[in-house]
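Computed over heavy atoms, backbone and side chain alike; hydrogens, waters and symmetry mates excluded. One-based numbering along the sequence shown.
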Amino acid sequence: MANSFSKGFFPSQVASDKEKATIEYGLKVAKAIEDEWFKRDNSGYRFSSHQNSFHKLRLYARGEQSIQKYKNELSINGDLSYLNLDWTPVPIIPKSVGST
């Protein structure tokens, strides 16, 4: 049965309720979900890429993101001595949550 399942394809959604109630149908759906999220493709694992994106967004929301990209945009040939800026990121979420 495992060999008959091709990667990335879910079983038919128009199957009868009786067929959908079988363990085999449930296993096919579970295997398709596993293949979609946890099997490696050209860009890596879908689960880990989503996890990394969430981590970056959480850091940004808390004001803990890397500020190097902002420094690179404002520097002239790598020189930041002419700027008198506070490089501390402003946390976005606490302002939104605290204002209610």
Spacing of CG belonging to N52 relative to CG belonging to L57, to within rounding of 0.5 Å | 11.0 Å

Exam field: side chain Y25 to backbone D17, donor-acceptor pair closer than 3.5 Å = no

Which value, rounded to the nearest 0.5 Å, describes the distance between R58 atom CZ and E64 atom CD?
-> 12.0 Å

Point-to-point distance, once rounded to the nearest 0.5 Å, from NZ of K28 to CD of E24 | 8.0 Å

Does any N or O in the side chain of K20 come within less than 3.5 Å of the main-chain N or O of Q13, such that one atom is a donor and the other an acceptor?
-> yes

Atom of F10, atom of V29 and distance for their closest heavy-atom approach | CE2-O, 4.1 Å

Which distance, rounded to the nearest 0.5 Å, do you find between the NZ of K31 and the CD1 of I33?
-> 12.0 Å

Return the orientation label for the F47 and W37 ring planes: parallel under 30°, perpendicular over 60°, tilted otherwise.
-> perpendicular

Hey, does R62 have a side-chain heavy atom less than 4.5 Å from the side chain of L59?
-> yes

Consider only side-chain heavy atoms of I, L, V, M, F, W and Y, link residues closer than 4.5 Å, and tell whether L85 and Y70 are in one cluster.
-> yes

